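Just so it is clear: chains get the letters A, B, ... in the order the sequence lines come, proteins before strands, and each one is counted from 1. What you see is a predicted model, and the numbers here were worked out from it, not measured in a lab.
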Amino acid sequence: MTAFVQQMVLGLLIGGLYGLAAAGLSLVFGVLKVLNVAHGQLIMLGGYGAFWLGALAGFDPFAALTLVIPGALAFGAVLYWTLFAWVVRASEETRVKNSLLIGFGLALALDALAVRLWTADERSITTSYAGAVVSVGGIAIPLVRLASLVLAGALIGGVHLLLARTRWGRAIRATAEDWEAALLTGIDVRRAYLLAFAIGTALAGAAGTLVSVGYSVSPSIGLEWTLKALVVVVLAGLGSMPGTFVGGLVLGLAEAAAAWGFGGPYREMVGLVLFFVVLVARPQGLFAR
Amino acid sequence: MLEVEGLEASYGSFRVLSGVTLEVRPGEIVALLGPNGAGKTTLIRCIAGLLRPRAGAMRWEGRPLGQAEAHTVVERGVAVVPEGRRLFGSMSVEENLALGAFAPRARRGEASRLEGVYAIFPVLRERRRQLVRALSGGQQQMVAIGRALMADPRLLVLDEPSLGLAPRLVESIFGLLREINRGGVSILLVEQNVHAALALAHRGYILEAGRVAAEGQGSVLLNDAHVRRAYLGPLAR
Ligand SMILES: Nc1ncnc2c1ncn2[C@@H]1O[C@H](COP(=O)(O)OP(=O)(O)OP(=O)(O)O)[C@@H](O)[C@H]1O
Ligand SMILES: [Mg+2]
């Protein structure tokens, strides 16, 4: 029983990162109608960014977030202008197709770049408090991962408030719902696209930082994280940041339960099973209204 | 104040407008009538900047229209109530109205204009926290008109605001348009409801297969329309 609870706790902890990873993908897809399959590579870059801020400048990984997030925002803006601004001019039907081509190209390029810059080795940030654990009734909770879960929730909550309460947040939601109607109300939808893409990239950067401190990064993790994020987006549906966070937790718990019940190899399969079941039974997602 | 001259527009190679000329003068209500598929919505999409015309010119307050990006049109004082309303259904009434005042110029006096809209449509104040998609069709039309008024327009363009509404509601909406017009807002009104529209409008145009087939004062056209009623009807081609 303790072993089961322990597994579930670990599943919940990584689930928070799944939610954070998915939040950016969901925002970009919901607003731009563009599926950025390189989203996982952006997470990978965020991880290396934090890693090098630590290795070269002695930054604590959590403190590095204060630089990784603005850096990723700026990087997202550049990516939007150089690559994705062209795609959103296409009609909505051809957008997804074109964005897949650009996304795969970008993913391959970033993978190759990462191998050149950082070699294919796995890296993870070690801190003085890396091994710290709190025990609750025989269950060990790694502090770093707990902090990551809390931060992931806080970041998602922050973006949720931004979208719900601010003028441009409202404009981004309006653009997601009906971009022509948004234009008619005077919203510069290109700017809404840019903001959404930059925020989505910043969320990826933050997720990457937390992955590199609680887990590890290597040039090959991009695709894996894109898939996790995609499963969560399908689970949660578009349009709700808190829903996406909960979707991430659900995936984390489901993986842990599968690994405990059927063995480690089934951990990776449960996401795909959920993916198909939800697509067939409830294509709008579990939490979409 | 709005001048459209020799406007041509098409979707791909399918030509919809072939040389439309019309104008809306300051303070006027102008009705734009015509059978389904005549190109009325297409004309409005051109004015709103959503569709680039093939040829022809549009001017608004003396300056060219349709070259700048669509979001700048409302900033210049032209607000559109589109066909099918196109509200943000997952947002509340108040959020939809606030979005109507998104343009920088419209932000000044936003609070008092919101009060104005609530004064015109008291039911919207009661429902202001409700999601728009939970409202009735008539209430949604009120939100659509309210959203356009929040932009503080000098020209209000409406594409079939009466569609799907009960006759009494249509009457009250048309009465409101007259009020709004008396407040100094010019109106371009696309309608299938020929009689009501021509009774309200100072002048009207009849669009047929992408051309202006007739124009004139409301009462004159109305007589004309008696003759033409057969093919101004919604099923006629
Ligand atoms: N997006 C589009 N792509 C291709 N053809 C279109 C498109 N929109 C409209 N059309 C065609 O253009 C013509 C004019 O359409 P438009 O919507 O302007 O007519 P309308 O006068 O507004 O008609 P209604 O009274 O039914 O609203 C129609 O033949 C229509 O089929
Ligand atoms: Mg129409």
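- If you measure heavy-atom distances from B:R45 to chain A, the contacts under 4.5 Å come from the side chain alone.
- Among B:G89, B:A79, B:G49, the residue making the largest number of heavy-atom pairs under 4.5 Å with chain A is B:G89.
- Side-chain polar atoms of B:E8 and B:S18 form no donor-acceptor pair below 3.5 angstrom.
- Using bins of under 30°, 30° to 60° and over 60° for the plane-to-plane angle, the ring pair A:Y80/A:F197 lands in the tilted bin.
- With hydrogens and angles left out, the side-chain atoms of B:R129 and B:S92 include no donor and acceptor closer than 3.5 Å.
- For chain A, the nearby parts of B:E95 are the backbone and the side chain; heavy atoms of each come within less than 4.5 Å.
- No hydrogens or angles considered: nothing links the side chains of B:Y118 and B:E126 as a donor-acceptor pair under 3.5 Å.
- Both the backbone and the side chain of B:A70 have a heavy atom closer than 4.5 Å to some heavy atom of chain A.
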Applying side chain to side chain contact (heavy atoms under 4.5 Å, CB included), run through A:L106 and A:L79 and close with a yes or a no.
-> CA-CA 10 Å; A:L106 179 63; A:L79 274 185; 4.0 Å; yes
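- Between chain B and the residues A:A176, A:A174, A:A181, the most heavy-atom pairs under 4.5 angstrom are made by A:A174.
- Figure legend: B:R147 and B:F88 shown as a cation-pi pair, the cationic atom lying under 6.0 angstrom from the six-membered ring centre and within 45 degrees of its axis.
- No part of B:R105 comes within reach of chain A, as not one of its non-hydrogen atoms sits under 4.5 angstrom from that chain.
- With a threshold of 4.5 angstrom between heavy atoms, A:R173 approaches chain B through its backbone and through its side chain.
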